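Take a look at the structure below.
Everything numeric here is computed off the predicted structure, so don't read it as measured data.
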Amino acid sequence: MPRLKGLIRTTTSLLKPVWTRCNEFALGIETEPVVQNGRAGITARSWWKGEVISGASHDDNFHYATIDYWNVRRALQALEPGPADVFYDIGCGMGRILCVAARMRLRRCVGVDISGVLCAVARRNAAKLRGRKTPIEIVCGDATTADLSDGTIYFMFNPFGAETMRDTLQNIRDSLTANRRSIRLLYYNSEFQSVLESASWLEKRSEFKSFGGQQITLWESQHPEEAPAVSCLTAAN
């Protein structure tokens, strides 16, 4: 059995680059991180922290990484998006998830990222995307202060630490007061799940694991008229 598992891992690692290139070619986009000297091409402070962003609310943004195409499609299916949904990818990077989502019939797709370098690449990919059915907008800014007020679906691939997560959730919660609606939130690689658990206006609907074993949690808001008007800034750790 250990030999079989090892063979499966080896085969998967060999086939994954081919699978990724086939998907990128079919979509007409390029979203793989460029590796230089063993790390992502953007200058990083450590192996897991992203570039230093002046003006960011908190210094806890993570380096650019993305999700395998098979797992992207599986996660999107769990969200069950429809034509009335406005889809936000918070920490969109180069736009892989956005581009896959935009091939569905949605009202709008919006990517939010604090890195100007990544936003520029995401805009190029959005412009080149084949088979797009939904308009894509890229917002270069801090998720804690960006306008998120029309979103009905929020996707996060562990883009930042607990402090930015708390403030971003508060930003979404505040928008429900001005624009009452139900929202769904998918948190991929749920490292700071405790922050979402401390937000009393969110309820976890399901959780499952990716093909690589990362935890994925799906959350929904309570009905806006029932959601308690409390802050989610309570310390989660």
Side-chain angles (χ1 to χ4, degrees), residues 16-17 19-36 39-44 50-51 53 56 61-79 81 83 85-148 150-160 164-165 168 172 184-189 210 212 214 216:
K16 185 177 178 180
W19 163 253
T20 299
R21 284 196 294 271
C22 288
N23 277 274
E24 302 266 89
F25 177 79
L27 296 175
I29 63 177
E30 297 178 13
T31 63
E32 277 290 275
V34 177
V35 176
Q36 295 176 356
R39 63 170 62 179
I42 295 171
T43 302
E51 62 178 311
I53 304 291
N61 56 298
F62 294 163
H63 73 83
Y64 173 62
T66 191
I67 304 168
D68 176 80
Y69 277 100
W70 190 90
N71 283 319
V72 170
R73 294 185 176 97
R74 185 183 177 209
L76 290 174
Q77 286 174 357
L79 283 163
D85 282 311
V86 177
F87 178 92
Y88 274 75
D89 181 10
I90 297 177
C92 67
M94 296 183 184
R96 175 179 295 187
I97 295 160
L98 273 179
C99 287
V100 175
R103 285 165 59 95
M104 303 175 176
R105 293 199 182 278
L106 310 175
R107 185 147 57 99
R108 197 157 66 101
C109 287
V110 183
V112 180
D113 204 287
I114 200 167
S115 167
V117 174
L118 295 177
C119 285
V121 178
R123 290 190 181 104
R124 288 199 299 271
N125 283 324
K128 295 189 299 180
L129 174 64
R130 297 189 181 109
R132 180 169 57 83
K133 297 177 181 177
T134 298
I136 299 174
E137 177 186 355
I138 305 298
V139 176
C140 191
D142 192 322
T144 67
T145 56
D147 184 359
L148 310 176
D150 63 341
T152 59
I153 292 177
Y154 298 91
F155 192 112
M156 298 188 197
F157 175 35
N158 196 28
F160 32 61
T164 299
M165 175 64 80
T168 299
I172 296 171
R184 307 188 293 288
L185 188 154
L186 188 138
Y187 186 22
Y188 195 108
N189 190 18
S210 71
Q214 292 177 311
I216 302 168

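Around the CZ atom of R105, the shell of radius 6.0 Å holds no more than 12 heavy atoms that belong to other residues, nucleotides or ligands. For Q214, the CD atom sits in a packed shell: over 12 heavy atoms of surrounding residues, nucleotides or ligands are nearer than 6.0 Å.
One finds the NZ atom of K133 at 12.0 Å from the SG atom of C109 (value rounded to the nearest 0.5 Å). Considering OG1 of T168 and CG of L148, their distance stands at 7.5 Å, rounded to 0.5 Å. The OG1 atom of T144 sits 8.5 Å away from atom CZ of F160, with the distance rounded to the nearest 0.5 Å. Here the CD atom belonging to E30 is positioned 8.5 Å from the CZ atom belonging to R124, to the nearest 0.5 angstrom. Annotation: the span from M94 atom CE to C99 atom SG amounts to 12.0 Å, rounded to 0.5 Å. The distance from the CG atom of D89 to the CD1 atom of I153 is 11.5 Å, given to the nearest 0.5 Å.
For Y187, the ring-ring contact (aromatic ring centres under 6.0 Å, His included) test picks out no residue, with sequence neighbours left out.
Between the side chains of D113 and S115, not a single donor N or O lies within less than 3.5 Å of an accepting N or O.
For residues 90-102, the pairs satisfying salt bridge (Lys or Arg N to Asp or Glu O under 4.0 Å) are E32-R96, with sequence neighbours left out.
Put simply, the side chain of L185 does not reach to within 4.5 Å of the side chain of Y88, judged on heavy atoms. No side-chain heavy atom of R130 sits less than 4.5 Å from a side-chain heavy atom of L27. Side-chain atoms of R73 and N23, non-hydrogen and from C-beta on, do get closer than 4.5 Å to each other. The side-chain heavy atoms of N125 and L129, taken from C-beta on, include no pair separated by under 4.5 Å. Using a 4.5 Å heavy-atom cutoff, the side chains of I138 and L98 are in contact. With a 4.5 Å cut-off on side-chain heavy atoms, I216 and S210 count as touching. Within the 4.5 Å cutoff, the side chain of L76 has heavy atoms near those of the M104 side chain.
The pair R184-D85 counts as a salt bridge, with a side-chain nitrogen and a carboxylate oxygen less than 4.0 angstrom apart.
Contact between P159 and I90 at its shortest, heavy atoms only, is CG-O, 3.5 Å. When all heavy atoms of R108 and V110 are compared, the closest pair comes out as NH1-CG2, 3.5 Å. In terms of heavy-atom proximity, M156 sits nearest to M165 at SD-CE, 3.5 Å. For the residue pair L106 and P81, the shortest heavy atom distance occurs at CD2-CB, 3.4 Å. Listed here is the closest heavy atom pair of T31 and Y69: OG1-OH, 3.6 Å. Residues A122 and G95 approach most closely at CB-N, 4.1 Å, considering heavy atoms.
At least one donor-acceptor pair closer than 3.5 Å links the side chain of T152 to the backbone N or O of V86. Y188 places no side-chain N or O within 3.5 Å of a backbone atom of N71 that could act as its donor or acceptor partner.
Ring pair F87/F155 is tilted by interplanar angle, where 30° to 60° counts as tilted.
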Next on the checklist: If you apply the rule side-chain contact (heavy atoms from CB on, under 4.5 Å), what do you find for I67 with I97, and how did you get there?
Outcome noted: CA-CA 8 Å; I67 304 168; I97 295 160; 3.7 Å; yes
